[in-house]
Amino acid sequence: MGGVIVTNPPKADAEDVEALAAFGVATVSEAMGRTGLLGPSIRPVQQGVRVAGTAVTVLSWPGDNLMIHAAVEQCGEGDILVVTTTSPCTDGLFGELFATALQKRGVRGVVLNTGIRDTQELRDMGFAAWSRAVSSQGTVKATGGSVNVPVAIDGQVVRPGDVIVADDDGVVVVPREKARETAAKSEAREAKEAATRAAFLEGQLGLDRYGLRDTLKQLGVEYQSYEEYTGAGS
C-alpha cells in the first residue's frame with residue numbers, strides 16, 4: 001500500500017486558534033450550528049484539560065503505527081495530532097514514547113480514532129490525549145499510509161491545518177477558514193450564556209426566559225393537579 005506525506009499545508013491563524021482555546025467544545029460546536037463534533041466515542045484519558053491547536057492528520061493501516069512515526073516529523077509548535085485508520089481499529093497505536101517525541105516538538109495533544117496505551121504515563125507527563133479506546137494491544141510498522149490528508153472520523157472531515165478544540169466533553173473541528181468567525185460567534189454565545197446564568201441565579205426559570213410556556217401549550221402539554229391526574233378526588 002502506498003501513500004503520501006504532504007508537507008507544509010495551510011494552517012489556521014495562530015491568533016484565531018488561541019481565541020478558540022478560550023471556549024469549550026460544546027460552545028464552539030453550538031457556534032457553528034451544532035456541527036463539527038467528532039462523536040461521543042472519542043473520550044479524554046484525563047480530566048480538567050482543554051486544548052486547541054492545528055491538525056496534523058494521519059491515515060494508518062489498522063494495527064500499524066508506521067505513519068505516526070512519519071507524522072512526528074511534520075508536527076510543530078501548536079499542533080494536535082489526529083489519527084485514524086482505513087478500517088476500524090482499537091489497538092494501542094499510541095503511547096508514552098510517541099508523546100515524548102511530540103511534546104518535545106511543542107505538540108499540544110493527540111486525538112485518536114483508535115486505541116491508546118500508557119495512559120497513566122501520559123497523565124503524569126501532562127500530555128493531553130483523546131481516543132476511541134484504551135488498549136495495551138501492540139502494533140507493527142509495516143504498511144504505508146498518508147500524513148496531512150483529509151481524514152474522516154464518525155463522518156466528520158478533518159483537514160490538515162483545521163482547528164481542533166478538545167476538552168472533557170469531547171472533540172470538535174473548526175475548518176481553518178471559519179476559525180475567526182467561529183471564535184467571534186463563540187464569544188457572543190458565552191456572553192449570552194453569562195446573562196442567562198445571572199438570570200437563573202436570580203431565580204428566573206428557563207420556561208419564562210426562553211418563552212417555553214407557549215411552546216408547551218402549542219404542543220398540547222397540560223398542567224394538572226395530582227388529584228386531577230390520579231383521580232384521587234373522585
Side-chain angles (χ1 to χ4, degrees), residues 3-25 27-28 36 38 42 44-60 65-84 93-114 116 118-119 121-131 145-151 153 156-184 186-187:
V4 62
I5 299 172
V6 179
T7 61
N8 300 316
K11 295 182 178 184
D13 185 84
E15 291 186 2
D16 298 331
V17 175
E18 293 308 311
L20 285 167
F23 307 109
V25 166
T27 296
V28 173
L38 267 56
I42 307 297
V45 303
Q46 68 285 308
Q47 292 293 307
V49 173
R50 179 188 297 163
V51 298
T54 44
V56 172
T57 61
V58 179
L59 181 62
S60 289
N65 66 6
L66 172 63
M67 299 314 296
I68 299 180
H69 284 278
V72 171
E73 183 182 27
Q74 304 305 316
C75 290
E77 187 72 36
D79 286 333
I80 293 178
L81 188 66
V82 179
V83 180
T84 192
L93 266 66
F94 187 97
E96 177 262 338
L97 292 178
F98 272 136
T100 299
L102 291 174
Q103 197 170 59
K104 174 67 175 178
R105 302 177 76 86
V107 173
R108 295 176 177 172
V110 64
V111 175
L112 298 150
N113 191 29
T114 66
I116 195 171
D118 302 333
T119 56
E121 288 82 356
L122 296 179
R123 288 189 290 270
D124 289 344
M125 65 189 292
F127 189 83
W130 287 255
S131 70
S146 295
V147 176
N148 277 334
V149 298
V151 299
I153 298 177
Q156 180 64 56
V157 175
V158 180
R159 302 170 305 161
D162 285 347
V163 183
I164 299 293
V165 181
D167 63 15
D168 288 350
D169 291 339
V171 182
V172 64
V173 57
V174 180
R176 55 182 181 262
E177 301 90 347
K178 295 184 178 180
R180 184 165 301 179
E181 171 191 354
T182 301
S186 296
E187 184 176 8

Hey, are the side chains of [X] and [Y] touching, using non-hydrogen atoms and a 4.5 Å cut-off?
X      : Y      : answer
Gln46  : Leu122 : no
Pro160 : Val6   : no
Met67  : Leu59  : no
Thr84  : Val158 : no
Asp118 : Phe98  : no
Phe94  : Val83  : no

* To do: Answer yes or no: are there more than 12 heavy-atom neighbours, outside Glu15 itself, under 6.0 Å from its atom CD?
  =>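 Open: at most 12 neighbouring heavy atoms sit under 6.0 Å from CD of Glu15.
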Let me confirm one number: the [atom1]-[atom2] distance from [X] to [Y], rounded to the nearest 0.5 Å.
X      : Y      : atom1 : atom2 : value
Lys178 : Asp162 : NZ    : CG    : 10.5 Å
Asp124 : Thr119 : CG    : OG1   : 9.5 Å
Ile42  : Ser131 : CD1   : OG    : 7.0 Å
Thr7   : Glu73  : OG1   : CD    : 9.5 Å
Glu187 : Thr182 : CD    : OG1   : 13.0 Å
Ile153 : Leu112 : CD1   : CG    : 8.5 Å

Where is the tightest heavy-atom contact between [X] and [Y], given as atom of each residue plus distance?
X      : Y      : answer
Gln156 : Leu38  : CG-CD1, 3.9 Å
Ala183 : Phe23  : O-CE1, 3.7 Å
Gly170 : Trp130 : O-NE1, 3.9 Å
Ser60  : Leu93  : CB-CD2, 4.4 Å
Asp167 : Val25  : OD2-N, 2.9 Å
Val174 : Val28  : CG2-CG1, 3.5 Å

* Counting distance only, does the side-chain N/O of Glu121 pair as donor-acceptor with the main-chain N or O of Ala99 below 3.5 Å? ->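 No, Glu121 side chain to Ala99 backbone: no donor-acceptor pair under 3.5 Å.
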* Heavy-atom donor-acceptor pair, Arg123 side chain to Val45 backbone, under 3.5 Å ->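 Side chain of Arg123 to backbone of Val45: a pair is present.
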Would you list the atom pairs, donor with acceptor, under 3.5 Å between side chains in residues 49-57 and any protein atom, with sequence neighbours excluded?
| unit_1 | atom_1 | unit_2 | atom_2 | d |
| --- | --- | --- | --- | --- |
| Arg50 | NH1 | Ala22 | O | 3.1 |
| Thr54 | OG1 | Asp79 | OD1 | 2.7 |
| Thr57 | OG1 | Asn148 | N | 3.4 |
| Thr57 | OG1 | Val149 | N | 3.0 |
| Thr57 | OG1 | Val149 | O | 2.6 |

* Flag the pair Lys11 and Glu77 as a salt bridge only when some basic side-chain nitrogen lies within less than 4.0 angstrom of an acidic carboxylate oxygen. =>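 No, this pair does not count.
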* Identify which one of Val172, Ile80, Val17 satisfies the side-chain contact (heavy atoms from CB on, under 4.5 Å) criterion when paired with Val165. =>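 It is Val172, the one option of Val172, Ile80, Val17 that forms the side-chain contact (heavy atoms from CB on, under 4.5 Å) with Val165.
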